[in-house]
Amino acid sequence: MTVRVRFAPSPTGYLHIGGVRTALFNWLWARHTKGTFVLRIEDTDRERSTDESRQAIFDSMKWLGLDWDEGPYTQMERLALYKEQAERLIQQKKAFRCYCTKEELDAQREALKKKDPKAQFRYPGTCRDRTDQPDKPFVVRFRTPSEGSVTYVDKVFGEVTTPNAAQQDFVLLRSDGIPLYNFGAVVDDMTMEITLVARGRDHMVNTPPQLMLYEAFGAKPPEFAHLPMMLAQNGEKLSKRHGAVSVSEYRDQGYAPNAVLNYLVRFGWSHGDQEVFSRDELIAAFGWEACGRGDGKFDTKKFLAINHAHLKEARLMPDDEYATRVVPFLEKRGVAGVSHDAAKAAVPLIRERATTFVDAADRLDFVFRAEPVMDEAAAKKFFVQAAAPNLRGLAAQIEGATTWNAHALEERVNAWLAERGLQIKDVAQSARVALTGRSASPGLFDVIATLGKDETLKRLQRGAALAEKAAT
RNA sequence: GGCCCCAUCGUCUAGCGGUUAGGACAUCGGCCUCUCACGCCGGUAACAUGGGUUCGAUUCCCAUUGGGGUCGCCA
């Protein structure tokens, strides 16, 4: 049987990083098994669902490269189906119309609680066995057995048993005919022939009622895999107040899509000692047996480190892709008109240094500006009068260079330094500030090689002039 | 409170009866070095507690403690 999995977010906000993890595990399983990944939008909450969120989900999924094979299906376009299936259950007496109002039920529950505080929370209404059909609004409820229990084998947690006494006559259809989560999900998963449902552990309690529905429909249920919770550092549910939680924020902070997936997959899943994975390695290695059960805490530092690891390796982030991704970040900081090729040529300068694309753009800034933005403190420290002749001398060496690569330049300059009884230390910092505007930069000769002869000379002369003007 | 689930360094985790309890991030030293990084070497740091089972438990079982999920005409 071919694997069919799904991701079914509700469009009630940006795509949450926790949601991405759910999507990722499903997607990986689909790709690993050469199965089908279905995208379904569960938009039955009319108050909170918006088209913008729907679009944000699509955008984020695409940015992450979590491509779907089927869908997006939309629940609000399938209302007739839910109604039909609910009717079927009513006919079979597996569900019933309930005319109780919320207020009535609340009052009855209160009364029951007063009598016995330990009373199980079950449907207190009286519509279960009524045969009339008054002309009043009604919801459709499932006739939940009070005896027995439901057992299933979770792909991650193993055997889970829940007594039916803990369940109530849950609502299938609201009075406006819109399905509630459990019903909509089951009807859809059933008709879409989903073979495995992977979702957050917060959904574990929904599994028994859903299993009851499958049984009522006489349908074979899918397998279930629940994922441990991803919590904030302080153990609370991960939310905005703990920092960035939406995918788009990480995109804007300069994270690489594959790094995001890499960090998230290691949350609740492991593959020996391997920490860094390419997309293909993930697909090949993924499996439920290696999933852990304990909840975890989101760690921003590790996330950053994983991103750094991806940006560092050309295997994971080729020069071409790096250039494409970093150019918009250069533009965002006012460095416009950088060609793809120029960016690509400069990428090696910052490979091992930049932790994000924001960081990369910052470190590359000097390459693409007519004049580097000068760090005044660095200029003051290194543009002293004694530095001027060294800068002029270095410029002369660069000017006379015939072989244009970092290694040859370094050899040439070293020969000159030796002749003058100088060391690279004696000129490096003032040259660095002249060339990059900063006291920290990529290697001097790599910078020179990348800037080119004309630009290098211009900047060295400018630095020398500033040094000469410095107070003694 | 009922029901369900979980428990190895600060964090993510490896371990599937016998290990000096391993790796990664973070952290602290050191090396390398034109700065910043990278890289390399090394240090600190964990099996929640109590009972069993066993020749032997981090590992299996049970309690306790702690944490989490959920109890809607939200998803």
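Letters go in sequence order (proteins before strands), and every chain restarts at 1. Side chains are part of it too, since the values below use all heavy atoms of this structure and drop only hydrogens, waters and symmetry mates.
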Hey, does Gly443(A) reach any base, or is it just sugar-phosphate, or nothing, if we go heavy atoms under 4.0 Å? base

Under 4.0 angstrom, heavy atoms only, what part of the nucleic acid is Glu42(A) near: base, sugar-phosphate, or nothing? sugar-phosphate

Looking only at atom C1', what distance separates rC60(B) and rG18(B), rounded to whole Å? 15 Å

Taking only side-chain N and O atoms of Arg293(A), does any of them lie within less than 4.0 angstrom of OP1 or OP2 on rC5(B)? no

Check this for me, if you would: do Lys83(A) and Glu87(A) make a salt bridge, where the nitrogen-to-carboxylate-oxygen distance has to be below 4.0 angstrom? no

Check this one for me: any side-chain N or O of Ser441(A) less than 4.0 Å away from OP1 or OP2 of rU35(B)? no

Among rC34(B), rC73(B), rC25(B), the one nearest Asp299(A) by side-chain distance: rC25(B)

Taking any strand in view, what nucleotide pairs with rC60(B) in a Watson-Crick or G-U wobble way, both distances under 3.5 Å? rG52(B)

Please state whether the rings of Phe267(A) and Tyr263(A) are parallel, tilted or perpendicular, taking 30° and 60° as the class boundaries. perpendicular

Say you pick atom C1' in rC4(B) and the same atom in rC9(B); how far apart are they, in whole Å? 29 Å

Looking for any heavy atom pair under 4.0 Å, which part of the strands does Thr44(A) touch: base, sugar-phosphate only, or nothing? sugar-phosphate

Using atom C1' in both nucleotides, what's the gap between rA46(B) and rU8(B) to the nearest angstrom? 5 Å

Between rA45(B) and rG23(B), how far is it from one P atom to the other, in whole Å? 14 Å

Counting only Watson-Crick pairs (N1-N3 plus N6-O4 or O6-N4) and G-U wobbles (N1-O2, O6-N3), all under 3.5 Å, who is the partner of rG42(B)? rC28(B)

Round to a whole Å and report the spacing from CZ of Arg353(A) to P of rG39(B). 12 Å

Quantified in whole Å, what is the P atom distance between nucleotide rG29(B) and nucleotide rC6(B)? 41 Å

Base, sugar-phosphate or nothing for Pro208(A)? Non-hydrogen atoms, less than 4.0 Å. nothing

For rU70(B), take OP1 and OP2 only and decide whether either is under 4.0 Å from a side-chain N or O of Lys237(A). yes

Phosphate OP1/OP2 of rC74(B) contacted by Arg174(A) side-chain N/O (<4.0 Å): yes

Would you please say whether a donor-acceptor pair under 3.5 Å links the side chains of Thr191(A) and Arg78(A)? yes

Provide the distance between the two P atoms, one in rU58(B) and one in rG52(B), to the nearest whole Å. 15 Å

Does the rG23(B) base have a donor-acceptor partner in the side chain of Glu275(A) within less than 3.5 Å? yes

Could you state the atom-to-atom distance from CG of Asp202(A) to P of rG72(B) in whole Å? 16 Å

Picking from rC12(B), rC38(B), rU35(B), which would you name as closest to the side chain of Lys297(A)? rC12(B)

Pairing partner of rC16(B), by Watson-Crick or G-U wobble and under 3.5 Å for both distances, is none

Can a side chain N or O of Lys301(A) be found less than 4.0 Å away from OP1 or OP2 on rG10(B)? no

Contact class for Cys100(A) vs. all strands (heavy atom < 4.0 Å): base, sugar-phosphate, or nothing? base

Which nucleotide, if any, forms a Watson-Crick or G-U wobble pair with rC47(B), using both distances under 3.5 Å? none

Please name the nucleotide paired to rA7(B) by Watson-Crick or G-U wobble geometry with both distances under 3.5 Å, or report none. rU65(B)

Report yes or no: do Arg432(A) and Gln429(A) form a side-chain donor-acceptor pair below 3.5 Å? yes

For Phe170(A) and rU70(B), give me the distance from atom CZ to atom P, rounded to whole Å. 18 Å

Taking the inter-plane angle between the rings of Phe286(A) and Phe25(A) on a 0 to 90° scale, is it parallel (under 30°), tilted (30 to 60°) or perpendicular (over 60°)? perpendicular

Mind checking if Val160(A) touches a base, just sugar-phosphate, or nothing, with heavy atoms under 4.0 Å? sugar-phosphate

Counting the atoms with a prime plus P, OP1 and OP2 as sugar-phosphate, which does Ser175(A) contact under 4.0 Å by heavy atoms, base, sugar-phosphate, or nothing? base

State, without any angle test, whether Asp45(A) and Tyr181(A) hold a side-chain donor-acceptor pair at a distance under 3.5 Å. no

What interatomic distance, in whole Å, is found between C1' of rG68(B) and the corresponding atom of rG15(B)? 24 Å

Between CG of Leu349(A) and P of rC38(B) the distance, given in whole Å, is 16 Å

Mind calculating the distance between CG (Asp295(A)) and P (rC6(B)) to the nearest angstrom? 10 Å

Can you tell me the distance, in whole Å, between the OH atom of Tyr263(A) and the C1' atom of rA24(B)? 12 Å

Asp426(A) near the nucleic acid: base, sugar-phosphate alone, or nothing, with a heavy-atom cut-off under 4.0 Å? nothing

Paired nucleotide for rG2(B) [Watson-Crick or G-U wobble; both distances under 3.5 Å]: rU70(B)

Tell me what Arg46(A) touches on the nucleic acid: a base, only sugar-phosphate, or nothing, going by heavy atoms under 4.0 Å. nothing

Give the rounded distance in Å between these two atoms: CZ of Arg201(A) and P of rA7(B). 10 Å

Look at Arg266(A) and rC25(B) and indicate whether a side-chain polar atom (N or O) is within less than 4.0 Å of OP1 or OP2. no

Regarding Arg438(A), tell me which of base, sugar-phosphate or nothing describes its non-hydrogen contacts under 4.0 Å with the strands shown. nothing

Any idea how Phe224(A) and Tyr152(A) line up, ring-wise: parallel (<30°), tilted (30 to 60°), or perpendicular (>60°)? perpendicular

When you match Val205(A) and His308(A) each to their closest nucleotide on RNA chain B, which lands nearer the 5' end? His308(A)

Short side-chain N/O contact from Ser270(A) to OP1 or OP2 of rC12(B), under 4.0 Å: no

Length of the CG-P vector between Leu15(A) and rA75(B), whole Å: 18 Å

Distance check, P atoms only: rU11(B) and rU49(B), in whole angstrom units. 15 Å

Among the nucleotides rC12(B), rC73(B), rA37(B), whichever has the atom closest to the side chain of Lys302(A) is rC12(B)

Heavy atoms under 4.0 Å, any strand shown: does Leu180(A) hit a base, just sugar-phosphate, or nothing? sugar-phosphate

Once you apply a heavy-atom cut-off of 4.0 Å, does His203(A) come out as touching a base, just sugar-phosphate, or nothing? base

